Amino acid sequence: MSTDTAQGISDTPYAKRTRELIKLVTQLRGVGAQADVDLPRIAVIGNQSAGKSSLVEALSGITVPRSSGTCTRCPMECRLTQAPGEPWKCQVSLRIEYSDETGKRLPETREKKFGPLITDPTLLEDTLRRAQLAILNPSVDHGKFVDFDVSRIGTDPPLGSPKQLQFSKNVVCLDLSGPEVTDLSFIDLPGIISNVAHGEDRGNIDLVRNLVMEHIQGNCLILLTLTMRDDIENQSAAFLAKQVDPKGRRTIGVLTKPDTLQPGEEQMWLNVLEGRRHPLFHGYYMTKQPGTKELQEKLSWEEARAREKEYFETTTIWANSSATNRLGTPNLTRNLSRLLSGLIDQTLPKLRLDATRSREAARAQLSKLPPPLGDNPSAELLRMVTNFSIEFRNFTNGLSEFASLIQKCKPAYEEFHERIKDTAPDFRPYTEKEKKKFPGMTSKFKDPEDGSDSSDEEDEEEEDSVEELDLNDEEGSDVTSLSSRKKKPMYVDEVKKYIQSALTRELPFNVPFSAKEGLIRQSMEDWEDAALDCFKVIREAVAEQLDGLVDTHFGRFARSSLLDTVYAVVQRLIEKRQDETVSRIKWLMRLERRPYTQNHHYLTTYRDKFLSKYRGERRKKNTVATSNKNGGNPMTPIGQQSPLPFGLDSPVMNPYASPMSNAGVPPGPPRGPLLRQPTRSNSMPVPPMGGAQNQGQQPQQQPGQRQARPNPQEQYMQQMREQQEQQAMQRQLQQTTPDLSNLISQLAAAGFPVQNSSDLERLFAGDPYEEVLIVMSEVRAYWQVAYKRIIDLLPLTIDEDFVVGLAQDAQDILMEGLGLTGLDANKQAAEFLAEDPDIVAERDQLMSKLARVDDVWERLSKFKG
């Protein structure tokens, strides 16, 4: 090949840049960049026997292996570089990109030199035969084929190969340089076949077709070899090119074997060459390569190009064509080099962008995988256990970014609160018969808890709301519709029967403590079930959280025994803490079976409030009964409370009854002055303790001053004095008729149905259920104390014994369960940390990809040509 005939762009101003661009792509392909970015390339395709091998020889100036049937059994990449002043040389390499067993791309591309550098062109053909043989026999070391005797190539697999492949995706690469070589790079693909030789697999037809289709996708110039011995429509290669490039913008047609046309057939192909038939964006070229006879003469490349030139100059139809610049191999080579360098130059920005994205994607995928383990297995396992324990502790502490566990527990505690609240004793200070007798009587007696939970000053809220305690049990009322869990109403006569059933040797007016204790226990009989149900929800939430953390921190070791062992250890820890917590809950419930409190002020306050409301309800019932019997009082509507003169606001009650007292005092006459002007207040309940307020003279309590605890002995003495005064006043009423008349007049004026002494006597008669009302108020008040206590104690118990307890024990229990505290800790840890092979393979693949992409990115970034 002479300098004059080696036409190309090597002698143009763009020669240097072209060489640099092609060299860059060659280097990128050598490191496997095609797996990550779509490198610009030229792929030579054509049907079998379309003259493709001859075209490749013309483009590269080499002689490729020829034999009967398919010549090319694997892709061959020719990378040509002009090297002025240097001798011709060629280095053959093998690029292994795919697994021949699976057909999948390998994580790392290897390009290895095959044999020594060749400086004699006549030796290249046999070297290419040996290289292709090495590719087709992957089970044999490639180095064994470097000196293989090509005369032994036959049908049997060489060098003990168990099986020789018929085709392969892996590539034989030629790096060819010389003073007369054109800067160009292309990939020669196996010829498309329609039939296979006897004994060959018919699947090879699709295998070759798929191989060709894979290479001509994307950023590829398709060099379509078309024999002029057959119509274009009949050639499979043209059909495949049309599929991937329907507009013909990437396809370059090369018409071969023009010397085989019969007279009269030239015009059809002239129309193709000049773009009138089957037009392509880059058009068609026509070459004339040596025929069979000329091949036997072993013409040199220079002689072949001279005869080609002579043929086109002496053949009239071609010589007179308007497309003479598209005749001959030199014109094709020059334009291919220009098109390839232009394509590379055009796609460089996109290549840089694709490399950057591929690099970021590889890093992102790698970050999702667990890092490789260190050289110290026990230290590595300890680190994992510690991280697991710290994260679980963060969840149990409820830190902002770890709040999900505590948030799952809160509804369970709130549900427990409501269930305990619904167990409040529903005492009714009238008999069921009285309720039925006066259906129009609606007693609004609201529970102290209603409407007060959201207050920061809960006690003050409850003191206000106790005035609205709702004891109405009519059908369809708000009370009965609140919750199906609420206690069944217990009427005053039922409470009295219960107390009587507990009597043994008590003196009159003494209520057995066992009766009060029994009523208290009845109200708390559902507490344990509610507590255990609450704990069950918490236990499930914590177990779910632990399962997720175990999977997060140890899930990568699913194929070793580590994950199962951790699950087992955590499950045992949960069960241990569960048993301890259930025992503690039951212990807590046993404590509540024995009434006790040091909160005397709270108990006394609520005892007085409930007693006052119970008495008020009794009085309203009695008032309605009297009014109905005597025709009614127009001043006192049915169901409303009549105003009493000051000091007559309640019947005689037990003025001394300390919390949970077993003592009682028989009913007596009312205390305080009998003659007093009526007030506008509906009631002014007198607390049962102390007598300082009898004359409305209770001293004002200073702000911030703590209320003094009453002295039982002083209370008793004060009560006795009041009782004596009341008895004296009663005797005076019986002896002084004018005073009695005056009292009757005042009461009648106040709206009470009092017309005579009999009515007056009935009005001030003692309540036969007074003793029962005291018991009801004491039981209800103690329930309030216990309720306030248990709704805090249970969540604290579960949290401390179970939730926090698990977090405190987790690390030590895991270390012991995983053998990290023993002498063989390192050996045991090494067995546990046997990673999932799939994860290891994926990590290795990503690390190889990242290294490859980093290399590609560096090369593209540094390229300034």
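Please read all numbers here as calculations on a predicted model, not as lab measurements.
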Any side-chain heavy atom of L280 sitting closer than 4.5 Å to one from I252?
no
Taking atom CG of D175 and atom CD of Q91, what is their separation to the nearest 0.5 Å?
7.5 Å
Check: residues 136-145 side-chain donor-acceptor pairs under 3.5 Å, at least two apart:
unit_1 : atom_1 : unit_2 : atom_2 : d
N137   : OD1    : S161   : OG     : 2.9
N137   : ND2    : L133   : O      : 2.8
N137   : ND2    : Q164   : OE1    : 3.2

Given 3.5 Å as the limit, does a donor-acceptor pair link the side chain of Y284 with the main chain of W269, or not?
no
Between Q235 and T227, is any side-chain donor less than 3.5 angstrom from a side-chain acceptor?
no
Tell me if the CD atom of E310 is crowded by more than 12 foreign heavy atoms within 6.0 Å.
no
Nearest heavy atoms of S93 and K113, plus distance in Å
OG-CA, 3.8 Å
More than 12 heavy atoms of other residues, nucleotides or ligands under 6.0 Å from CG of N234: yes or no?
yes
N271 side-chain N/O to R277 backbone N/O, donor-acceptor pair under 3.5 Å
no
Test your reading of the model: is there a side-chain donor-acceptor pair from R250 to the backbone of G218, 3.5 Å cut-off?
yes
Looking at D855 and R859, is any side-chain nitrogen of the basic one under 4.0 Å from a carboxylate oxygen of the acidic one?
yes
Testing the basics here: between L123 and I118, what is the closest heavy-atom pair and its distance to 0.1 Å?
CB-CG2, 4.2 Å
Pairwise side-chain contact, L273 with S321, heavy-atom cut-off 4.5 Å (strictly under)
yes
Has the side chain of Q132 got a donor or acceptor atom that lies under 3.5 Å from a matching backbone atom of R130?
no
Which atom of V37 lies closest to which atom of A355, heavy atoms considered
CG1-N, 3.6 Å
Here the gap from K288 atom NZ to F312 atom CZ, rounded to the nearest 0.5 Å, amounts to 9.0 Å
Looking only at atom types and distance, does a side-chain atom of R352 sit under 3.5 Å from a main-chain N or O of L860, one as donor and one as acceptor?
yes
Under the 3.5 angstrom rule, does the side chain of D120 hit a backbone N or O of T122 as a donor-acceptor pair?
yes
Would you call L224 and L240 a side-chain contact if the rule is heavy atoms closer than 4.5 Å?
no
So SG of C220 and CD1 of I42: to nearest 0.5 Å the spacing works out to 8.0 Å
Classify the side-chain pair E86/S177 by whether it contains a donor and acceptor separated by less than 3.5 Å.
no
Are any non-hydrogen side-chain atoms of R129 and F148 less than 4.5 angstrom apart?
no
Nearest heavy-atom neighbours spanning G85 and P179:
N-CB, 4.1 Å
Just verifying a value: how many Å separate I45 CD1 and N47 CG, rounded to the nearest 0.5 Å?
8.5 Å
Among L340, L59, L223, which one satisfies side-chain contact (heavy atoms from CB on, under 4.5 Å) with F186?
L59
Just by distance, do the side chain of D183 and the backbone of Q82 share a donor-acceptor pair under 3.5 Å?
yes
Test item: N170 side-chain N/O and Y98 main-chain N/O as donor-acceptor pair under 3.5 Å:
yes
Nearest-0.5 Å distance that lies between atom CG in D345 and atom CD in E20:
10.5 Å
Can you find a heavy atom in the side chain of L369 that is under 4.5 Å from one in the side chain of Q365?
no
For V208 and G191 the tightest heavy-atom approach is CG1-O, 3.5 Å
Does K52 offer a backbone N or O that forms a donor-acceptor pair with the side chain of E57 under 3.5 Å?
no
How about E274 and S322: does a side-chain donor come under 3.5 Å of a side-chain acceptor?
yes
Taking C-beta and beyond as the side chain, do P330 and E308 meet within less than 4.5 Å on heavy atoms?
yes
Heavy-atom side-chain contact between L226 and V272 under 4.5 Å:
no
Just checking, is any N or O donor in the side chain of Q289 or T329 under 3.5 Å from an acceptor N or O on the other one?
yes
Would you compute the distance between atom CZ of R363 and atom CG of L846 and round it to the nearest 0.5 angstrom?
13.0 Å
Close side-chain approach of I96 and I135, heavy atoms under 4.5 Å
yes
Indicate yes or no for a side-chain donor-acceptor contact from T347 to the backbone of K350 under 3.5 Å, with no hydrogens or angles considered.
no
side-chain contact (heavy atoms from CB on, under 4.5 Å) partner of K169, chosen from R105, E97, K104, E214
E214
